[in-house]
Structures are given as structure tokens and as C-alpha cells.
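Please read the structure below before turning to the comments.
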Amino acid sequence: MNSDVIFGLMIPFWGTALGAAAVFFMKRRFGKGLSRALTGFAAGVMIAASVWSLIIPAIEQSEHMGRFSFLCAFIGFWLGILFLYLLDRVIPILRRYADNSKAKTQSKVAQKKGTRARVLMVTAVTLHNIPEGMAVGVVYAGLMTGTHNVTLGGALALALGIAIQNLPEGAIISMPLHAQGKSKPKAFLCGVLSGAVEPIFGALTLLCAALIVPAMPYLLSFAAGAMVYVVVEELIPEMTQGEHSHIGVMFFATGFTLMMSLDVALG
């Protein structure tokens, strides 16, 4: 694996890390309006990424199936939904943040529910980063073998496009975690770690390209299902709580159109 390939695999990770660094410019706490705005923005980014970065490419990679080209995306999407559902219900760390006994105060219940939502969001964004890293790995595998008509410039453009898309994703992890009480360095580290899977799975894809490439439609749509679950189950209810819920809606639209534009322009 030469230096150009290693550099290319690391570019998306640097985008996530740079986005997560936005937490160092945030105040420790912010008001309800800003919290709704950030949540809405995160939801918009995740929905747009699910459609343009994941589901559409999954269907395109299954075009050889003709009228059933949707099938891989359909199956993978439902696997992602069910995986997050089970994760939400089974894993002990999430069960601690589920509904509490009536003896708990409303504020404590809300705080724990918010923490549960953030754990789910970190999980979903991390899952979303796995197929992105694998996509970069596939392109560089084609570059190294010379069998996919891929140029070094094209491979770098893909990696850079994903890195730019990762900027808001790093921020939507680190900033809410800090607002919820984590220190800035810890919140930043969580955002960085969510992107660390990209170079790891990119390198694994290079080593196992022949085995992983056929499964890419399932992996892409699996991540989409996981992200949609989090948005519908956690983020939309959170961004529409209380008065002035239109703030969350407007920032949802902002996040959605921003990520859509980045995907189309840099895809």
C-alpha cells in the first residue's frame, strides 16, 4: 500500500475530525432554540446522506438486477432499521437510558432520554461512515489494479467529497455531546472516533475487495436504515418539542439541502 493510497484513505477521516473540532468554538450550554436548530440540522444531514450517499448508490450498484434493482437496498434498509431497534432495546448501556421508574423526576427522565438519543446517533453516524470508507477503498483498489478505469485524480476527488460531507457529521456528534455535559476534549474525541472507522474499513476493503464489493449495496442501505431510525425515533420528536418548533424544521431543511448539494456536486 503506497503513500498515495494511505493519504487518500485518511482524507475522509480528517473531514470528520475537522467537523468535530467545531465543539471548541461552542459555549458549554446553549438554549432550547439553538438545541432544536442543531437537532433539526443533524436530522436533515442524516436523511439527505441516507438518500443520496447510501440508498441511491445501493440501487445503482444493483442495476444488473433489472426491475428488481431495489431489492438489495430494500433488504439492507430493513436490516439497518431492525439492527437499531434491537440496539435500542437490548444493549445494557442503552437500557439504562430507557424509561425510568415513576420515582424519577421528569428532568432526570428527559436527561437520560437525551443521552440515549445521542448514543444512538453516534452509532448511526459511525455505521454510515463504514460504507463511505469502504467506497473509498473500492476506488483505490480499482486504481491499484488498473481494472476499473480509475485515475488518481478521480480517487482523490471522491475522498475529498466525502471529507467535505463529513464536516457537518463530525459537528453533529461533538457539539450536542458537549451541550449535554461532556468536556470539549471528550466530545471532540467521540466525533473523531466516529470517523476512525473510515480508513480502517477502507484498508480492509483494499485487502478483501473481491469479497466485499458484491455486498456494498446491502452495506450502504443498512447504514441508511440505521440513520433513518434515529431521525424518526429520536431527532424529529426532539426538534419539534415545545413552542417555536419551526426552528427545528427550518434547520432540518438547511441540513438536508446542504448535504444534498454536497453529494450531488461532489459525488
Side-chain angles (χ1 to χ4, degrees), residues 1-19 46 49-65 69 71-77 79-80 83-84 122-167 169-170 173 191-227 259 262-263 266-267:
M1 193 180 299
N2 60 43
S3 59
D4 287 337
V5 173
I6 295 173
F7 178 78
L9 293 178
M10 291 298 297
I11 290 175
F13 167 72
W14 292 331
T16 303
L18 186 59
M46 293 170 74
S50 297
V51 176
W52 274 274
S53 294
L54 301 170
I55 293 177
I56 291 177
I59 294 174
E60 289 176 346
Q61 291 184 26
S62 303
E63 287 180 346
H64 63 279
M65 298 176 66
S69 60
L71 189 59
C72 294
F74 181 94
I75 294 172
F77 183 87
L79 289 175
F83 177 79
L84 258 291
V122 170
T123 302
V125 172
T126 302
L127 287 172
H128 161 253
N129 285 336
I130 289 175
E132 284 190 348
M134 295 174 71
V136 175
V138 168
V139 172
Y140 275 95
L143 178 66
M144 293 176 67
T145 59
T147 58
H148 290 75
N149 196 27
V150 176
T151 65
L152 179 60
L156 285 173
L158 173 65
L160 182 60
I162 291 176
I164 294 174
Q165 294 171 25
N166 286 348
L167 288 170
E169 292 173 8
I173 290 179
V192 169
L193 290 178
S194 73
V197 297
E198 291 187 304
I200 293 172
F201 278 85
L204 290 174
T205 301
L206 278 173
L207 298 174
C208 310
L211 298 175
I212 293 177
V213 171
M216 279 298 291
Y218 296 99
L219 295 170
L220 292 167
S221 52
F222 177 91
M227 295 184 77
M259 183 59 75
L262 290 172
D263 257 312
L266 300 170

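The residues of the chain are indexed from 1 along the displayed sequence.
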Give the minimum heavy-atom separation between [X] and [Y], together with the two atoms involved.
X: Glu63; Y: Glu60; result: CG-O, 3.1 Å
X: Pro12; Y: Ala159; result: CG-O, 3.8 Å
X: Leu206; Y: Tyr140; result: CD2-C, 3.6 Å
X: Pro57; Y: Trp52; result: CD-O, 3.2 Å
X: Ala58; Y: Pro217; result: CB-O, 3.4 Å
X: Ile11; Y: Ala163; result: O-CB, 3.4 Å

With rounding to the nearest 0.5 Å, note down the distance linking [atom1] in [X] to [atom2] in [Y].
X: Ile173; Y: Thr126; atom1: CD1; atom2: OG1; result: 5.5 Å
X: Ile56; Y: Gln61; atom1: CD1; atom2: CD; result: 12.5 Å
X: Cys72; Y: Ile59; atom1: SG; atom2: CD1; result: 10.0 Å

Member of Asn129, Leu127, Leu204 meeting the side-chain contact (heavy atoms from CB on, under 4.5 Å) criterion with Val197
Asn129

Donor-acceptor pair, Ser50 side chain versus Met46 backbone, under 3.5 Å?
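Present.
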
Mind checking whether [X] and [Y] have side chains closer than 4.5 Å, heavy atoms only?
X: Ile130; Y: Leu219; result: no
X: Tyr218; Y: Phe77; result: no
X: Leu84; Y: Met227; result: no

Got a sec, which residues hit side-chain hydrogen bond (donor to acceptor under 3.5 Å, both in side chains) with Thr16, two or more places apart in sequence or on another chain?
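side-chain hydrogen bond (donor to acceptor under 3.5 Å, both in side chains) list for Thr16, sorted by chain: Asn166.
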
Decide yes or no on side-chain contact (heavy atoms from CB on, under 4.5 Å) for Ile55 and Leu220, but give the supporting numbers first.
CA-CA 7 Å; Ile55 293 177; Leu220 292 167; over 6 Å; no

Residues at least two apart in sequence or cross-chain that pass ring-ring contact (aromatic ring centres under 6.0 Å, His included) with Phe83, listed by chain then number, are Phe222

